Amino acid sequence: MRHALRATSALCAAAGSLVLSTLGTANATPSPLDPQELSGTAVAAGRAAAKGITWGVCPDAEGLPEPVRCGTVSVPLDYADPDGRQIALTVSRIAAKGEDAAGKVARQGAFVFNPGGPGGNGMYFPMAGLMPEWKRIAAAYDMVGYAPRGVGRSAPISCQDPQRFAKAPTQSPTHPSASYKKERIAQAKSYAAGCAKNPDIAHYTSLNNARDLDVLRAALGEPKLTFMGASYGTYIGALYARLFPAHVRRMVFDSAVDPAPDRIWYANNLEQSAAFERRWADFRTWVAKHDKTYGLGTTPDEVLRSYERVRAELAHKPAGGKVGPGQLQSAYLQAGYYDDYWPMRALALSSYLKGDPKPLIGQAAPQPAAFAENENGNAVYTAVECNDAPWPTDFRVWDRDNTRLARSAPFETWDNAWMNLPCAYWSTPRQRPVDVRVFPGELPPTLILAAERDAATPYTGAQELNRRIAGSVLVTERDAGTHGIGGGANACVNGYLDAYVLEGRLPEERAAECAGHAEPAPLK
């Protein structure tokens, strides 16, 4: 999945019908649930429990102030060889406050968070406990974040020089020509080859992320895990529930990935592109409602014409020499993830058309300070998704499916395809995705949170996860599309989150609803 990442968790039927039978499976590994790797996880977890984590001042590279403390956990690179090479995962923590507005609170253990990606860095997460929406949980739990394998300082990987990865300005045609497709195929092959230079690349997988999570649990001294995953983090959680159900205390899935094996990952990305088209329309509808503020049009179609006018101008004359159509699309994709971006993105378009490009440059131009971090995140994303499952190995399949989808969903379809295309040329063996199913009595009750119009992880994924995990309860934020809703703007959602995490209490029914949070006010 293509996921945007930020500091708190508050990440189409036509796509579903596209042919998936041509996925390359010849070099798939025989079994994703290898007993040897399960045994290796138990060995590593035992060592981690004995050693624990030595907490200290966070290195300057993390940019985390006091009272956050940092440490590391050693995990095997290869769980089939737990005595072989070890890698260190970075971990962060703020200890439970022990007190909230109502008084003293008993500590309940560690609350571990993964922000998604793949490639997201959760080291920032303990800082969320300083926010009002998280204070009750932070009173009872140690707030724990971590950087998954490959991310940040956790045995980081790279597939390309960050300067080349951040090349700007770039084009971003919604209906690419044959010559442009050839150019992007060459780039995808080059990126895949760059990843293949790392001899350890095959060990960066979702299953290993789930195994790492169990070692982290043990290192924290927790007999059972209390975990919240957002976006792709929900897939890690789902795999963990499948592999280690007896180790789960409480688990929250926020904005859930569809875990069905035939959706990982090619079909999910097609579904995502279709959903972004719907959310892109939501943004334009909101802008049209505020035409008096922005002057971009009184209908969604008029707003689209204003956007396309900016896009056409940037294709000929990039703003600030760095913002072309590719950078424009990336910036406005954020509006599909989070509606709190809507006012600033609308203002940037309006200002540009009035002759002031500075707001658009400020919001869309690549930031050199983030080049290395962005390429690292993309490398992890690519390695995990390409290793996790078979992908089509014939570009004609990609061309057919994305050309068809782009007719009705042009906004994100081809950009999403280009991001994932290195998986067509991947050289390491692919896994077969796990059939995530948890039957009654295997797992404590779990909580699923989902926004009805989420684009990055479409709502059907939450429904599928709800069906597959017995005892799970789905809380839906209706008529809303923010990606990652726990600890966000909706007090109703946060009430369900607090009740579950603090008391283990869920609605009696298997589903509950919250009205959508208020739309943002326009920015003048």
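Along the sequence shown, residues are numbered consecutively beginning with 1. Fair warning: this is a prediction, and the values are worked out from it, not measured in the lab. Keep in mind that the numbers below use all heavy atoms, side chains included, and drop hydrogens, waters and symmetry copies.
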*Heavy-atom distance under 4.5 Å between the side chains of Pro444 and Arg250, does that happen here?*
no

_Among Phe283, Tyr332, Tyr337, exactly one meets ring-ring contact (aromatic ring centres under 6.0 Å, His included) together with Phe276. Which residue is that?_
Tyr337

_Modelled atom types, side-chain donor and acceptor of Gln329 and Glu412, under 3.5 Å_ = yes

*Can you tell if the side chain of Ile264 reaches within under 4.5 Å of the side chain of Tyr235, non-hydrogen atoms only?*
yes

_Does anything in residues 68-83 form a salt bridge (charged side-chain N to carboxylate O under 4.0 Å, His left out)? List the pairs, not counting sequence neighbours._
Arg47-Asp83, Glu66-Arg69

*Is the backbone of Pro35 close enough, under 3.5 Å, to the side chain of Ser39 for a donor and an acceptor to pair up by distance?*
no

*asked:* Can you confirm whether Leu447 sits close enough to Leu506 that some side-chain heavy atom of one is under 4.5 Å from a side-chain heavy atom of the other?
replied: yes

*Chi angles and distances behind the salt bridge (Lys or Arg N to Asp or Glu O under 4.0 Å) call for Asp339, Arg279*: CA-CA 10 Å; Asp339 56 22; Arg279 196 62 181 151; 3.8 Å; yes

*asked:* Can you tell me which residue among Phe227, Tyr141, Trp134 is in a ring-ring contact (aromatic ring centres under 6.0 Å, His included) with Phe125?
replied: Trp134

*Within-4.5 Å side-chain heavy-atom neighbours: Val91 and Leu216*: yes

_Taking atom CZ as the centre, does Arg107 end up with more than 12 heavy-atom neighbours from other residues, nucleotides or ligands that are less than 6.0 angstrom away?_
yes

*Would a 4.5 Å heavy-atom cut-off, applied to side chains only, mark Leu333 and Trp280 as touching?*
no

*Heavy-atom neighbours of Glu442 CD exceed 12 at 6.0 Å*: yes

*Report yes if some heavy atom in the side chain of Tyr232 is under 4.5 Å from a heavy atom in the side chain of Trp265; otherwise report no.*
yes

*asked:* Could you check whether any side-chain heavy atom of Val252 comes within less than 4.5 Å of a side-chain heavy atom of Leu497, counting everything from C-beta outward?
replied: yes

*May I ask you to check if the distance between the SG atoms of Cys58 and Cys70 is under 2.5 Å?*
yes

_Set out, in order, the CA-CA distance, both residues' side-chain angles and the distance that settles disulfide (SG to SG under 2.5 Å) for Cys386 and Cys195, then state yes or no._
CA-CA 11 Å; Cys386 296; Cys195 295; over 6 Å; no

_Nearest heavy atoms of Arg242 and Pro245, plus distance in Å_ = O-CD, 3.7 Å

*Considering only heavy atoms from C-beta outward, does the side chain of Ile485 approach that of Asp254 to under 4.5 Å?*
yes

